[in-house]
Each structure stands twice: as C-alpha cells, then as structure tokens.
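As the structure is a prediction and not an experimental result, all values here were calculated from the model. Numbers restart at 1 for each chain; the letters A, B, ... are given by sequence-line order, proteins then strands.
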Protein chains: 2
Amino acid sequence: MDKIFKALASEPRRRILDYLAVEPMTVGEIADNFEMAMPSISRHLAVLKEAGVVREQKRGQYMLYSLVTNRLTGQLYDFLAPFCAQARGIVEARPRRRGRD
Amino acid sequence: MDKIFKALASEPRRRILDYLAVEPMTVGEIADNFEMAMPSISRHLAVLKEAGVVREQKRGQYMLYSLVTNRLTGQLYDFLAPFCAQARGIVEARPRRRGRD
DNA sequence: TAGTCATTTTCCTATTTAGCTAAATAAGAA
DNA sequence: TTCTTATTTAGCTAAATAGGAAAATGACTA
C-alpha cells in the first residue's frame, strides 16, 4: 500500500503508466517520450515493478513492460472504499490499528 | 494531482485520514494517537490541506480538521478511470501530452 | 495585564529520492 | 570470438522530506 502510493507520487511515473495503458512498451520506447536519460527511466520502471503495477517480460534483448491493471485499480479502490462509505454515511472507516504507533 | 499522491505517499498521513474519516478532530486529539511530536503532526496536516483532502476550521483556540471526502474520491477516481476502461478494452487511455517533455 | 494552553513556524540534522555519467550485463549479429 | 545494441547497476551530487526542539502566534482565563 505504501509502495503503490510512493510509486504514484511522481509525475514521470504516472506518465509512464499512461503510455503503458495504451500498449506494452520496451524501455527504449518509453524513454523516447522523455527527455530523461534511459537509466533514470529504468529506475522508475523498477519502482513501478516493486509496487506491482507493471510487469516485465524478456523479449530477446528487449525488456517489455506492461501494465498490471487490476493491481493498480484494486489497491486504490481498497483504499477509497471506506472513504466513499463514510461520504454516504453508511459505515465506519475501515479498520486500522489505533493507539500508539 | 501531484499534490494528492504526494500527500497520500506517507503512512502517518494515511492514518490521519483514517481517523478523520470517523470524525473531525483537533490537532491535539490526532497527535494523541501518534508517538510523533505535535509540530510534526501539524506539518502533515498542512500537507493534506495543501492537497485539498482536509479542511481546517478555527474553533476557539483549537483547530478542527475534517475530511474533504469528495476531493479524495474524485481525484483518485479521475486517475483510475482510464485504467479501468483500458482493463475492459473499451477506450484508449486518457489524453495526456505525448512527445518531448 | 500576565499566564496558560493549542497550534504553527523556524531552524537544524538525518535520510531518501531523482537525476546524471560511466561501467557492467546480456542478447544478437557478423 | 568480436562488435553492437538494450538495459541495468554503481557511484555521485543536488534537492526534497521527515523528524525534533525551541521560539512565535493566538486565544482564553484570572
């Protein structure tokens, strides 16, 4: 949960997700859309992969990245649900440990 | 959009939102649930306010913080929608400038 | 007015993050 | 094998962030 929000808290990484939402792409193809150097893109992709929102597949000497849509939507919906419920006055907020950290 | 994801990319801040989802609270009441010192809580609240997900109301010498639910849900749904659509194969990803940054 | 309580601001330090270039890996082509 | 291309890793610097303590602000009370 923390990883997914950290992953999304970056304009370049959200842009990468936009591109991948259209179609899977190699690192180089993604990098062509940015002014950033490829190693930087590579690390952004690693962060997104760590968060589970993209996956990588070796395709010869290329690395193909694609979106893990249900991971993205699922995690965010899970986070949102309690707040939606509260907005409608239906239930209490989702359970979370209270008290000292 | 950037601000909301940055605001959510913090465990303590998400916990604060959980508390506020139950009921509005003063800074001191919120701080009682953390080991963190109050000034730190105060700054986390400022970040959440900057992102528009909480609002503050002066109540005498207390400051009452409460959730801006529709802001939270609206922004995240807007972000998610294109990915949901893509998952169902309905439309292309949401428009965003492509090409060089 | 002086004193107290709640909150914010300032100043400081430690940690994390983003970006770069250069070097290392890995696969394909000659 | 050697050369080339695609990607990742290492090593670095600059900037952002989180936290604390102490000072400043603002409102209530005596």
Side-chain angles (χ1 to χ4, degrees), chain A residues 1-20 23-68 96 99-101, chain B residues 1-20 23-68 96 99-101:
Chain A
M1 181 61 86
D2 198 57
K3 279 183 183 170
I4 200 163
F5 278 114
K6 289 239 165 61
L8 295 175
S10 153
E11 233 276 305
R13 284 196 290 266
R14 289 194 303 276
R15 261 184 71 198
I16 289 175
L17 293 179
D18 284 339
Y19 294 132
L20 296 183
E23 60 185 346
M25 281 181 168
T26 67
V27 182
E29 287 171 339
I30 296 167
D32 286 344
N33 291 285
F34 292 82
E35 289 187 333
M36 222 178 300
M38 190 178 316
S40 305
I41 297 293
S42 180
R43 261 193 295 89
H44 280 306
L45 285 166
V47 171
L48 291 168
K49 189 182 68 177
E50 259 297 296
V53 298
V54 306
R55 75 170 188 285
E56 56 180 22
Q57 299 159 273
K58 200 89 189 218
R59 281 278 178 280
Q61 63 188 318
Y62 299 86
M63 191 66 91
L64 195 64
Y65 279 88
S66 48
L67 211 59
V68 179
R96 252 204 209 213
R100 306 256 153 219
D101 210 358
Chain B
M1 182 60 86
D2 199 56
K3 279 183 182 169
I4 200 163
F5 278 115
K6 289 237 166 60
L8 295 175
S10 152
E11 233 276 306
R13 284 197 290 267
R14 289 193 304 276
R15 260 183 73 196
I16 289 174
L17 293 180
D18 285 339
Y19 294 132
L20 295 182
E23 60 185 348
M25 280 180 169
T26 68
V27 182
E29 287 171 340
I30 295 167
D32 286 343
N33 291 286
F34 291 83
E35 290 186 333
M36 221 178 300
M38 191 178 314
S40 304
I41 298 293
S42 180
R43 262 188 287 91
H44 280 306
L45 285 166
V47 172
L48 291 168
K49 189 182 68 178
E50 259 297 297
V53 298
V54 306
R55 75 170 187 286
E56 56 181 21
Q57 297 159 275
K58 199 91 189 213
R59 282 278 178 279
Q61 62 188 318
Y62 299 85
M63 191 66 91
L64 193 65
Y65 278 88
S66 48
L67 211 59
V68 180
R96 251 202 209 215
R100 306 255 154 220
D101 211 357

Q. How close or far is atom P of C:dT8 from atom NZ of B:Lys58, stated in whole angstroms?
A. 8 Å

Q: Starting at atom CG of B:Asp2, determine the distance to atom P of D:dA16, rounded to an integer number of angstrom.
A: 13 Å

Q. Does D:dT17 have OP1 or OP2 sitting under 4.0 Å from an N or O in the side chain of B:Arg43?
A. no

Q: Could you state the atom-to-atom distance from CZ of A:Phe34 to P of D:dT7 in whole Å?
A: 15 Å

Q) Of B:Ile4, B:Leu20, B:Val53, which meets side-chain contact (heavy atoms from CB on, under 4.5 Å) against B:Leu48? A) B:Val53

Q) If you draw a 6.0 Å radius around CD in B:Glu50, do more than 12 non-hydrogen atoms from other residues or ligands fall strictly inside? A) no

Q | Closest nucleotide among D:dC28, D:dT7, D:dG19 to the A:Met63 side chain | A | D:dT7

Q.
How many whole angstroms separate atom CD of A:Glu56 from atom C1' of C:dA26?
A. 14 Å

(Q) I'd like to check A:Ile16 versus A:Asn33 (side-chain heavy atoms, cut-off strictly below 4.5 Å). Are they in contact? (A) no

**Q.** Given DNA chain C, 5'-ward residue of the pair A:Gly60 and A:Ala37, judged by closest heavy atom
**A.** A:Ala37

Q) Taking atom C1' of C:dA6 as reference, at what distance in whole Å does atom CD1 of B:Ile41 sit? A) 14 Å

Q: Choose from D:dA27, C:dT7, D:dT7 the nucleotide whose nearest atom is closest to any side-chain atom of B:Thr26.
A: C:dT7

Q: Establish, with yes or no, whether the OP1 or OP2 oxygen of D:dT17 is under 4.0 angstrom from a side-chain nitrogen or oxygen of B:His44.
A: no

Q: Give one of base, sugar-phosphate or nothing for B:Arg59, where a contact means two heavy atoms less than 4.0 Å apart.
A: nothing

Q. Does NZ or CZ of B:Arg15 fall inside the cone over B:Phe34's six-membered ring, less than 6.0 Å from its centre and within 45° of the axis?
A. yes

Q) So which nucleotide from D:dA27, C:dA22, C:dT7 ends up closest to the side chain of A:Pro39? A) C:dA22

Q.
Just the rounded figure in Å: distance from P of C:dT9 to NZ of B:Lys49.
A. 7 Å

Q. Can a side chain N or O of B:Tyr65 be found less than 4.0 Å away from OP1 or OP2 on C:dT8?
A. yes

Q. Toward the 5' end of DNA chain C, which comes first, B:Tyr62 or B:Ala46, by nearest nucleotide?
A. B:Tyr62

Q. Closer than 4.0 Å, any side-chain N/O of A:Ser40 to the OP1 or OP2 of C:dG19?
A. no

Q. Is the backbone N or O of B:Leu8 less than 3.5 Å from a side-chain atom of B:Arg13, with the two atoms forming a donor-acceptor pair by type?
A. no

Q | Distance in angstrom units between B:Leu48 CG and C:dT8 P, rounded | A | 12 Å

Q. C:dA18 P sits how many Å from A:Leu45 CG, rounded?
A. 13 Å

Q | Given C:dG19, C:dT17, D:dA18, the nucleotide with the shortest approach to the side chain of B:Ser10 | A | D:dA18

